[in-house]
Amino acid sequence: MKTKDVTVETVREVAHPLDPLTATELRTAIETLRSARGLDERHRFAIVRLAEPEKQAVTSFRPGDPIERTAFAIVFDRETGTTHETLVDVVAGEVRSWKDVPGVQPSVTLDEFGEAIAAVRAHAGFREALTKRGIEDPELVHIEAWSIGDMAPAGLEGRRLVWTPCWVKSDPADNHYAHPIRGLHAVVDLQTMEIVQLEDHGVTPLPPQAGNYAEADVGGYRDDLRPLEVLQPEGPSFDVDGWEVRWQRWRLRVGFNQREGLTLHDVGYEDGGRVRSIANSLSIAELVIPYGDPGPGGYRKNAFDIGEYGLGLLTNSLELGCDCLGEIRYLDVDLATPGGEITTIKNAICLHEEDDGLLWKHYDWTTDTTEVRRSRRFVVSSIVTVDNYEYAFYWRFYQDGAIEFETRLTGIILTAALEPKEAPRHGTLIAPQLSGIYHQHFFCARLDLDVDGVENTVVEVESESLPWGPENPHGSAFVTRETPLTSEHEAQRVVDPLRARSWKVVNPGVRNELGQPVGYRLVAGANVLPFAQPDSSISRRAAFMTKHLWVTPHEPGERYPAGDYPNQHAGGAGLPEWTAADRPVENRDVVLWYVFGNNHVPRPEDWPVMPAARIGFRLEPVGFFDRNPSLDVAPPASHACHADSS
Ligand SMILES: [Cu+2]
């Protein structure tokens, strides 16, 4: 399938097989496809990303080795509704494979959003419904296009559809979420851009108050904060080489793709002169937000932000001093747009260090000496905006060997209009006649851990009291129970904080000085289960959220917990499908899928813009080291922080 008329630019800047596709490579992929497959303006690039090489090829890679570079693309033909998956060798400029994928819908693309919204705005029936509500200027109406899930109106099944809730601004700068237009929804066919259904469930008055938060709206800013400056006069303590980062004893590679956004790879820790592997890759592989309102404006609000939309093109360009503070290094990312243009998001990924308070301390009163160490952490972060909401993703590395993931949820909650005396049943009253709708955010982290190699076993660890008896004569005895999770079904677990439940990934073949298998444990943070019924549409489509832990044997094709194509999918794909065979997961290359839910019952304080909520988890060494690995962190310069032995 070699094509003649494509100029293949030299790929100079690629240093490693996992480097995200560069602008040049993306352009080569798109030009090769256009030329070899005759793609034109009816074709849309739902995604173009690096086809990651096999794990073996990555682990055996040494700097200077030749690098194979292949792009994976999903191409959608808007005329025929056909979806194609293709692989393009971007070094040779050749299409390696091209196939039709029947019966799926790729993610909704940004240009489809724009066109669907414009079509609704221009629609005569929609304008009539606005007039009926006293809304004269359709340009002030904010329309959002949401995937319809598997709830297409009768007779429209199988078509590529979105549905649209809407809000209205009092002027172009107004926060439209203060003024939801209740009961007016369109269903749009994304191939023809026709309004296939217009729903008008009756007129509810617009909530009366504005929800703006500029300086003038909040009565001026407080003026009692004095400067707090982060100074690193000798620069930061990390080194960045392309996509590779070294900080303290940590070694890792940063990655990025159009679907998941920020990813991490090849995470290791230098110990005794060699780098010990901890994770092959870490990413947030899906994020789904089911809403709890059964009304006409709520029952279809089930967004898969990663699988239905993709975080890559929604990633913010970060501002120094605003999003991150201190000595920052940024990474830019290159992405393809649905129309095949190349776009660069400047400062998409932030790398920096933060003071983290106390690392460890002891005052020995027998010698009247104190030893104190301060903790510093290294942070890799990015922020996405998905319509009303912001998600900030922070991967943090610590000097004691811990890795932490935290996401901060901020932005604006979704609102619904209430009748003047109506009490919300599925939301909180956040302003007069305005409801903040109940919803949940379920994140699924894909954790391909390789603790000192690939042969790992996951063990559930929990503590329990013993019954009174000879083993427990004082009633205070408790023990810790360890249960290996040997098969996929055994390894479908939920959190139990009252039993201090955690999951430890051990390498039975590698022992520490004490003879224990080396390990890392997954420590859950806050969590919840879905409140949707188990056989509801969203529970079928996002079945991964019904468990907090899943473990699967590593399979390169198993990347997304709700399947490759969750958009309009009826459910069953991804984790439930893969784990149906109940494959063994003991002493082999395993992938952990940790699901964590944020139950969002909005507060009045979440309005009009929400203080960041936080949720995440930690990975902590357990027997990975022989003792506290941070003993050699130097004390702070102050003499009082440690006993001076000189
Ligand atoms: Cu929320």
Side-chain angles (χ1 to χ4, degrees), residues 142 144-147 149 165 167 175-180 207 211 213 261 284-295 297-311 314-316 381-394 405-418 424-431 434-445 524-532 536 538-539 541-542 544-546 548 562 566 594-617:
H142 171 79
E144 292 182 358
W146 286 56
S147 167
W167 292 260
N175 174 8
H176 46 263
Y177 293 110
H179 315 295
Y213 46 90
I284 303 300
E286 192 53 272
L287 163 55
V288 63
I289 304 102
Y291 280 76
D293 179 355
Y299 74 99
R300 289 169 293 201
K301 280 203 173 92
N302 295 305
F304 291 69
D305 283 354
I306 292 177
E308 285 179 342
Y309 308 115
L311 299 186
L314 306 177
T315 297
N316 294 180
S381 64
S382 74
I383 305 177
V384 299
T385 302
V386 190
D387 272 334
N388 56 309
Y389 236 67
E390 266 74 17
Y391 296 97
F393 297 108
Y394 301 95
F405 175 79
E406 182 183 272
T407 179
R408 294 197 181 185
L409 300 82
T410 179
I412 301 181
I413 53 175
L414 274 189
T415 51
L418 299 164
R425 175 98 168 104
H426 309 284
T428 306
L429 187 72
I430 52 164
L434 192 65
S435 169
I437 312 166
Y438 297 163
H439 59 279
Q440 299 182 294
H441 305 254
F442 285 97
F443 300 82
C444 182
N527 215 331
V528 70
L529 284 167
F531 292 110
S536 64
I538 189 58
S539 292
R541 300 181 59 227
F544 70 85
M545 67 182 176
T546 61
H548 295 133
Y594 177 60
V595 179
F596 48 111
N598 171 275
N599 198 56
H600 196 172
V601 171
R603 307 169 294 163
E605 289 87 347
D606 290 343
W607 180 253
V609 63
M610 179 187 157
R614 304 163 191 212
I615 191 168
F617 62 90

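Note that ligands are numbered from 1 as they come in the structure, with each ligand's atoms numbered from 1 the same way.
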Open item on the list: We want to know whether Trp167 and Thr415 form a side-chain donor-acceptor pair, criterion being a heavy-atom distance below 3.5 angstrom.
Closed with: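 Yes, side-chain donor-acceptor contact under 3.5 Å.
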Open item on the list: I'd like to know if the side chain of Tyr177 pairs up with that of Asp387 as donor and acceptor (distance under 3.5 Å, no hydrogens or angles considered).
Closed with: no
Open item on the list: Surrounding CZ of Arg603 (heavy atoms of other residues, nucleotides or ligands, distance under 6.0 Å), is the total greater than 12?
Closed with: yes
- [ ] Please determine if the Cu ion (ligand 1) has an N/O/S atom from Tyr389 lying under 2.8 Å away.
- [x] yes
Open item on the list: Looking only at N, O or S atoms, which one in His439 sits nearest to the Cu ion (ligand 1)?
Closed with: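 Closest to the Cu ion (ligand 1) among those atoms: NE2.
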Open item on the list: Among the N, O or S atoms of His600, which one sits nearest to the Cu ion (ligand 1)?
Closed with: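 Restricting His600 to its N, O and S atoms, the minimum distance to the Cu ion (ligand 1) goes to ND1.
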Open item on the list: Looking at Val528, is its backbone amide N or carbonyl O close enough to the side chain of His548 to form a donor-acceptor pair, meaning the two atoms are under 3.5 Å apart?
Closed with: yes
